[in-house]
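These notes are about the structure you will find just below.
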Amino acid sequence: MAVDTRTRTHTKRTLTALALAPLVLLAAASGAGCGKAGSPPVKGPAPGSLPRYQVDPAFRLPASPTWSAAKRRGHLVVGAKEDQPYVGEKDPATGVYSGFDIEIAKMTAASLGFAPDGIRFRTIASANRETALQNGQIDYYVGTYTINANRKKLVGFAGPYYLAGQSLLVRTGEHGIGGPRDLDGKRVCSAPGSTPYQRIKDDYPRAELVSYDTYSVCVDNLLTFQVDAVTTDDTILMGYAAKVPDALKVVGRPFSKEPYGIGVPRGDTALRFALDDAIAAREQNGDWRRAYDATLGLSGRAPAPPPPIDRYPAK
Ligand code: GLU
């Protein structure tokens, strides 16, 4: 990776559990989650509160090479994130994934004829999503994945199924950062290959950009005073803040629009349209809202109705 004067790339650390350890320790030390009035629960969604999605066993999609291969294989392989609380999180003890994106994966898979136990989740970092879809490592991807024109040249997008916005996470004791203009000369951490990383690089060149593959390692560095702020989508940052409300806070207003799509192999229009239909149907029958309330809603984010689906033609 290129290193320039204002971009520092650090050694990759992949042990998410290890990376989040300070978070957990700090949470314990600060007594977070011990019933402080108004603070969101520290634990993830209670399994009993999650909706069950009706599976359509008769569903067929022979026009989709991805769906056909998954059917022959007997399961779907879905790319996701594993360190984003309430959005896409993997329990290191059980290997079970949870969060809003995971629910989106499950509800759309059900519409394609796959029950939840017919999905294998695979963690893919922001920078590797396009390659994973291009080389068939995954069938589709649900992981805070912003739809944009550049990415559409490489992959297809169903949706959007949610609208997020770039924001800033700082320590609760920080009073000098309230928006991206305050980042001049400050160390701000983000993940390369993401839209928030690119926006800081392009629009706020006086910020000192620090990069790690995953946001949880950025948060680790924020808690240990190695960086001054972490930037990515508000959805992700609010999840970290909700885990340790005494130590971390999200500041300012979102300064971008990040419409989340389900990434699919670019040529597989049949799969993309089937996922568009699945999202629309789950929004209509209340599954989307139930899933939201049981996951992302727990981080304190007000439910925003999903934007209209963009069923763009095949090119
Ligand atoms: N939504 C942004 C993106 O797709 C940031 C979150 C992420 O890296 O997944 O780049």
Side-chain angles (χ1 to χ4, degrees), residues 1 7 9 12 14 16 19 78-90 97 99-105 121-134 138 140-169 180 188-204 207 209-222 229-241 250 254-264 266 295-296 299 301 304 306-307 310:
M1 198 175 299
T7 307
T9 302
K12 177 175 155 188
T14 50
T16 308
V78 175
K81 293 288 183 65
E82 70 172 34
D83 64 338
Q84 301 180 174
Y86 305 104
V87 190
E89 196 173 17
K90 182 178 167 184
Y97 286 74
F100 184 60
D101 280 338
I102 304 306
E103 294 306 307
I104 294 289
F121 288 102
R122 240 181 123 149
T123 301
I124 307 282
S126 296
N128 303 329
R129 294 182 280 212
E130 290 80 26
T131 339
L133 284 165
Q134 283 170 327
I138 53 175
Y140 59 90
Y141 187 91
V142 194
T144 57
Y145 197 10
T146 296
I147 303 171
N148 68 27
N150 275 344
R151 289 175 178 169
K152 272 187 181 170
K153 292 178 195 151
L154 306 170
V155 301
F157 283 105
Y161 64 88
Y162 196 76
L163 183 63
Q166 183 169 356
S167 209
L168 296 171
L169 182 76
V188 58
C189 190
S190 198
S194 73
T195 46
Y197 176 92
Q198 199 56 44
R199 190 165 294 109
I200 296 295
K201 210 173 158 108
D202 294 344
D203 299 350
Y204 303 96
L209 191 53
V210 177
S211 71
Y212 284 104
D213 290 352
T214 60
Y215 302 113
S216 55
V217 180
C218 282
V219 172
D220 187 3
N221 277 263
L222 180 63
V230 176
T231 189
T232 184
D233 302 339
D234 50 359
T235 42
I236 303 170
L237 299 179
M238 286 185 75
Y240 292 123
V250 178
F255 51 98
S256 75
K257 284 197 165 50
E258 309 289 333
Y260 288 169
I262 300 181
V264 299
R266 189 171 186 275
T295 56
L296 195 47
S299 70
R301 206 175 189 275
D310 173 23

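Whatever order the structure lists ligands and atoms in, that order sets their numbers, starting from 1. One is the number of the first residue; the rest follow in order along the sequence.
Those atoms of ligand 1 with a heavy atom of Ser126 less than 4.0 angstrom away are 7 (C), 8 (O), 9 (O). Counting the atoms of ligand 1 from 1 in the order shown, those under 4.0 Å from a heavy atom of Ile236 are 6 (C). Near Arg151, with a cut-off below 4.0 Å to any heavy atom, the atoms of ligand 1 are 3 (C), 4 (O), 10 (O). Remark: ligand 1 atoms within the under-4.0 Å shell around heavy atoms of Gly143 are 9 (O). Proximity to Thr144 (heavy-atom distance under 4.0 Å) selects the following atoms of ligand 1: 1 (N), 2 (C), 3 (C), 4 (O), 6 (C), 7 (C), 9 (O).
Closest heavy-atom approach to atom 5 (C) of ligand 1 within the set Asp233, Val87, Thr231: this belongs to Asp233.
A donor-acceptor pair shorter than 3.5 Å can be found between the side chains of Thr232 and Tyr215.
Side-chain contact between Thr146 and Arg151: present, with at least one pair of heavy atoms (C-beta onward) separated by less than 4.5 Å. At a threshold of 4.5 Å between non-hydrogen side-chain atoms, the residues Tyr260 and Thr235 count as touching. A 4.5 Å side-chain heavy-atom check between Asp101 and Tyr161 finds at least one atom pair inside the cut-off.
Between Thr232 and ligand 1, not a single N/O pair is under 3.5 Å apart. Not a single N or O atom of Tyr145, backbone or side chain, sits closer than 3.5 Å to an N or O atom of ligand 1. For the pair Ser194 and ligand 1, the shortest N or O to N or O distance does not fall below 3.5 Å. An N or O contact shorter than 3.5 Å links Thr195 to ligand 1 by distance. Between Tyr260 and ligand 1, no N or O atom pair is found at a separation short of 3.5 Å.
The closest approach between Lys81 and ligand 1 falls below 4.0 Å for a heavy atom of the residue. Between Gln198 and ligand 1 there is no heavy-atom distance shorter than 4.0 Å. In this structure, Arg199 does not count as a contact residue of ligand 1, since none of its heavy atoms falls inside 4.0 Å of the ligand. Ligand 1 is never approached by Tyr197 to a heavy-atom distance shorter than 4.0 Å.
Not counting sequence neighbours, Tyr140 has no partner by the ring pair (Phe, Tyr, Trp, His ring centres under 6.0 Å) test. The ring pair (Phe, Tyr, Trp, His ring centres under 6.0 Å) test applied to Phe100 returns Tyr162, Trp288, Tyr292, not counting sequence neighbours.
By the neighbour-count criterion of 12 heavy atoms within 6.0 Å, atom NZ of Lys257 is sparsely surrounded, having that number or fewer from other residues, nucleotides or ligands.
Of the residues Arg122, Glu130, Lys81, the one that meets the side-chain contact (heavy atoms from CB on, under 4.5 Å) test with Tyr141 is Lys81.
The minimum heavy-atom distance linking Ala241 with Leu169 is given by the pair CB-CD1, 4.0 Å.
Under 4.0 angstrom from ligand 1, there are no non-hydrogen atoms of Gln166. Proximity of Pro196 to ligand 1, defined as any heavy-atom pair under 4.0 Å, is confined to the side chain (atoms from C-beta onward).
For the pair Gln166 (side chain) and Pro196 (backbone), a donor-acceptor distance under 3.5 Å is present.
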For Asp203 and Phe255, what are the C-alpha separation, side-chain angles and deciding distance, and is it a side-chain contact (heavy atoms from CB on, under 4.5 Å)?
-> CA-CA 11 Å; Asp203 299 350; Phe255 51 98; over 6 Å; no

